[in-house]
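Count residues from 1 along the sequence.
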Amino acid sequence: MAVLLLGVAGTAGWYAYQNSVRVLPPPDGPWPEGGTFTVSLCKNDDVYERCRKRAVTPEQRRSIEERLRAMPEVAEMEFESQETAWAKLVDQFADDWRMASIFEVDDLPESFKGRLHRRADFESFGTIMGGTPGVSNIAAFGYHFWEGKVDVSIVLCPPEDPEGAESDETEEKPGETKEEPDPCAGRGAATAEEKKAVEAGLMALEGIEHVYFENAAHARRVLEHLVVSRDSFLIGFAAARPLPESYFVKLADPGAARAVVDAVKGMPGVGEVEPLDVD
């Protein structure tokens, strides 16, 4: 009788756990403050008119560094050489030789990279640095809304691109590992039935604290917060294309993220699934 009661209690506890986990809309906040910047320096034959096809001089480079260090808006900064930028690019695209082969060391600019204390400072920062001799362009990015809030992202297949973008088929380099096929290729957005199946799969897992569903409107708001420059090509690129919906999962143990990825990856309607690095 005691064993039966324990079994009933355990079953009741499991159902209570499942009923306590609901798919929620994104939290109201907080929206992260601050962000990162890159101040790129002019190089020979630069495409930016302000450079007049001339590389930054040593005097201009020193002046730019001194100005950045004196600005109270700047939390920290460091210089990045062309060689360092190239090494980072090669590392970033270690699995994609085609992307890495597009650029050479001389194609990449020297730059100063750093952080600003407040997102509100980006506009004045860009105005000041954009008019500084030797600066080619400035990029500024806020921090991602979901950073620190969740442990796994599940990006669903998006609606078909109205422009009908052609697939990028390029010749495979001998000895290179073939990339996995795109699970969303040749289909449209995840259906309601597919979303229900993903949600059911998540609810069957232990250790899930919260599941958030992000619609396309919230995804666009996240992108616009991330990309500070209103004239950024990323904003223009995304404006003409539908953004995917996503699920974001918060775990009791972030170390269990891989189990969630393995459980959901490959399900119909699911595009990318990955654990998020949360400090």
Side-chain angles (χ1 to χ4, degrees), residues 7 9-32 91-96 141-160 177-223 225-226 238 241-279:
T11 302
W14 171 242
Y15 279 110
Y17 162 73
Q18 282 191 310
N19 290 332
S20 69
V21 179
R22 297 258 196 305
V23 178
L24 305 171
D28 293 334
W31 288 84
D91 182 66
Q92 179 181 357
F93 295 104
D95 297 328
D96 189 347
F141 295 90
Y143 294 115
H144 203 287
F145 172 78
W146 290 105
E147 183 177 351
K149 296 183 178 72
V150 292
D151 303 298
V152 180
S153 70
I154 304 167
V155 181
L156 301 177
C157 292
E160 290 185 278
T177 303
K178 190 173 182 178
E179 296 181 8
E180 294 184 13
D182 181 1
C184 298
R187 57 156 296 158
T191 65
E193 291 74 18
E194 289 169 340
K195 293 176 190 176
K196 289 180 181 178
V198 172
E199 293 174 9
L202 291 173
M203 298 310 159
L205 300 174
E206 294 186 31
I208 291 182
E209 291 189 345
H210 302 294
V211 176
Y212 299 103
F213 177 72
E214 179 181 77
N215 61 22
H218 192 271
R220 187 168 302 282
R221 186 182 175 194
V222 169
L223 176 64
H225 185 86
L226 182 67
R241 290 164 174 78
L243 296 180
E245 299 173 322
S246 301
Y247 291 100
F248 291 91
V249 182
K250 175 64 178 175
L251 300 172
D253 176 16
R258 179 51 58 183
V260 177
V261 172
D262 293 340
V264 178
K265 188 174 183 180
M267 293 185 69
V270 173
E272 297 180 8
V273 187
E274 59 182 6
L276 301 178
D277 293 327
V278 180
D279 297 328

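To the nearest 0.5 angstrom, S246 atom OG is 9.0 Å from I154 atom CD1. A distance of 8.5 Å separates CG of L223 from NE2 of H144, quoted to the nearest 0.5 Å. Interatomic distance, NE2 of H218 versus OH of Y212, reported as 11.0 Å (0.5 Å rounding). Note: L251 CG to E206 CD = 12.0 Å, rounded to the nearest 0.5 Å. Atoms CD1 and CG, on I208 and L202 in that order, are 5.0 Å from each other to the nearest 0.5 Å.
Between Y247 and F213, the ring planes are tilted. Angles from 30° to 60° get that label.
Looking at C157 and R187, their side chains come closer than 4.5 Å, going by heavy atoms from C-beta outward.
Here the shortest heavy-atom pairing between E245 and K195 reads OE1-NZ, 2.6 Å. Heavy-atom minimum distance, F248 versus S153: CE2-CB, 3.5 Å. Here the closest non-hydrogen pair linking K250 and K149 is CD-O, 3.3 Å.
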Using a 3.5 Å cut-off and no angle test, enumerate the donor-acceptor pairs between side-chain atoms of residues 263-276 and protein atoms at least two apart in sequence or in another chain.
none

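For H225 and W146, the distance between ring centers is not under 6.0 angstrom.
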